[in-house]
Amino acid sequence: MKVTGVVPQLRTTDLERAIRFYVETLGFELDFRYRDFYAGVRAGGQVFHLKRVDDADPSIAFVRDGDHLHLYFDVDGIDRAASELKERGARLLREAHDTPWGTREIALCDPDGHTLYFGQTARMTG
């Protein structure tokens with residue numbers, strides 16, 4: 001078996017709102033939509049899915065309280081990305097900052113409360 005990709009899924013109580021956020025605010029592309037409850041979003045060469053559900057994703061509080069994340073996006077030029085996201089209306093939880101493990105990152109939440117990190121991958125030395 002050769003794995004050719006991994007596709008995570010985020011649950012949303014409002015599919016339209018989630019699509020608008022990921023497409024208009026983050027600048028991603030709608031990859032597909034299935035009826036009124038499922039969609040795929042393309043971020044560069046990666047895809048993740050959105051599924052409409054009745055109740056809020058129970059992982060949101062766990063992730064927030066444990067300082068975890070739902071999705072991590074590797075990007076080039078994190079400072080420029082942060083500026084562009086803010087211009088499109090994104091509210092950052094954490095401004096661009098350097099981490100002890102050698103990345104530069106920002107964090108924000110989507111309208112459902114999923115924690116999203118964007119980071120510039122560090123060049124590892126030694």
Side-chain angles (χ1 to χ4, degrees):
M1 168 177 61
K2 178 181 177 185
V3 175
T4 60
V6 175
V7 181
Q9 179 191 76
L10 298 178
R11 295 172 290 250
T12 178
T13 56
D14 187 333
L15 185 62
E16 294 300 323
R17 179 186 66 196
I19 290 171
R20 277 193 313 274
F21 174 78
Y22 284 101
V23 172
E24 295 172 14
T25 304
L26 299 188
F28 298 161
E29 298 176 32
L30 182 63
D31 193 51
F32 71 88
R33 182 183 182 127
Y34 182 72
R35 299 190 180 167
D36 66 344
F37 70 90
Y38 210 81
V41 175
R42 181 166 297 281
Q46 308 301 312
V47 174
F48 60 95
H49 292 176
L50 301 170
K51 182 179 182 182
R52 185 182 53 75
V53 294
D54 293 332
D55 298 315
D57 183 341
S59 73
I60 291 169
F62 177 81
V63 167
R64 180 191 60 234
D65 295 344
D67 197 25
H68 304 301
L69 59 90
H70 286 95
L71 296 177
Y72 190 101
F73 300 94
D74 278 322
V75 299
D76 291 331
I78 189 64
D79 292 298
R80 183 181 67 251
S83 178
E84 290 172 1
L85 289 171
K86 288 192 283 189
E87 286 174 11
R88 288 193 208 118
R91 293 185 321 177
L92 302 185
L93 294 174
R94 296 197 65 193
E95 294 288 337
H97 62 282
D98 295 322
T99 67
W101 47 91
T103 60
R104 186 157 176 78
E105 300 176 342
I106 61 173
L108 57 98
C109 282
D110 76 2
D112 285 285
H114 297 106
T115 301
L116 311 175
Y117 271 77
F118 293 77
Q120 187 168 350
T121 304
R123 296 194 197 300
M124 302 309 255
T125 58

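Considering all non-hydrogen atoms of both residues, F48 and A43 come closest at CE2-CB, 4.4 Å. Nearest heavy-atom pair across S59 and H70 is OG-NE2, 2.9 Å. Closest heavy-atom contact between V47 and P8: O-CD, 3.8 Å. Between A56 and T13, the closest heavy-atom pair is N-CG2, 3.7 Å. For L85 against I106, the heavy-atom pair with the smallest separation is CD1-CD1, 3.7 Å. For the residue pair T25 and G89, the shortest heavy atom distance occurs at CG2-C, 4.3 Å.
Following chains of ILVMFWY side-chain contacts shorter than 4.5 Å, one can reach V23 starting from F21, so the two form part of one hydrophobic cluster. Each of L10 and V53 belongs to its own hydrophobic cluster when Ile, Leu, Val, Met, Phe, Trp and Tyr are linked at side-chain heavy-atom distances under 4.5 angstrom. Two different hydrophobic clusters hold F73 and L69 under the rule that ILVMFWY side chains link at heavy-atom gaps under 4.5 Å.
L15 contributes atom CG, which lies 7.5 Å from atom CZ of R52 (distance to the nearest 0.5 angstrom). The structure places CG of L71 at 12.5 Å from OH of Y117, a figure rounded to the nearest 0.5 Å.
The main-chain N or O of I78 is found under 3.5 Å from a side-chain atom of Q120 such that the two form a donor-acceptor pair. Within the 3.5 Å criterion, the main-chain N or O of T115 finds no donor-acceptor partner in the side chain of R64. In this structure, R94 contributes its side chain and E105 its backbone to no donor-acceptor pair below 3.5 Å.
Taking the six-membered ring where the residue is Trp, Y22 and F28 present parallel rings, their angle staying beneath 30° rather than reaching 60°. A parallel orientation is assigned to the rings of F62 and H68, their planes being inclined by less than 30° (bins at 30° and 60°).
In summary, R17 and D112 engage in a salt bridge, as defined by a charged side-chain N under 4.0 Å from a carboxylate O.
For R33, the salt bridge (Lys or Arg N to Asp or Glu O under 4.0 Å) criterion is met by E16, not counting sequence neighbours.
Residue R11 is tested with D55, D57, D54 for a salt bridge (Lys or Arg N to Asp or Glu O under 4.0 Å); the sole match is D57.
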Requested in this report: Please test D31 against H49 for side-chain contact (heavy atoms from CB on, under 4.5 Å), starting from the C-alpha separation and ending with a verdict.
Outcome: CA-CA 9 Å; D31 193 51; H49 292 176; over 6 Å; no

Requested in this report: Please step through side-chain contact (heavy atoms from CB on, under 4.5 Å) for the pair L26 and F118, ending with a clear verdict.
Outcome: CA-CA 11 Å; L26 299 188; F118 293 77; 4.1 Å; yes

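In this structure, Y38 shares a hydrophobic cluster with F32, Y34, F37, the cluster being traced through Ile, Leu, Val, Met, Phe, Trp and Tyr side chains under 4.5 angstrom apart.
The neighbour count for E84 CD, taken as heavy atoms of other residues, nucleotides or ligands under 6.0 Å away, is above 12. Heavy-atom neighbours of D76 CG from other residues, nucleotides or ligands within 6.0 Å: at or below the threshold of 12.
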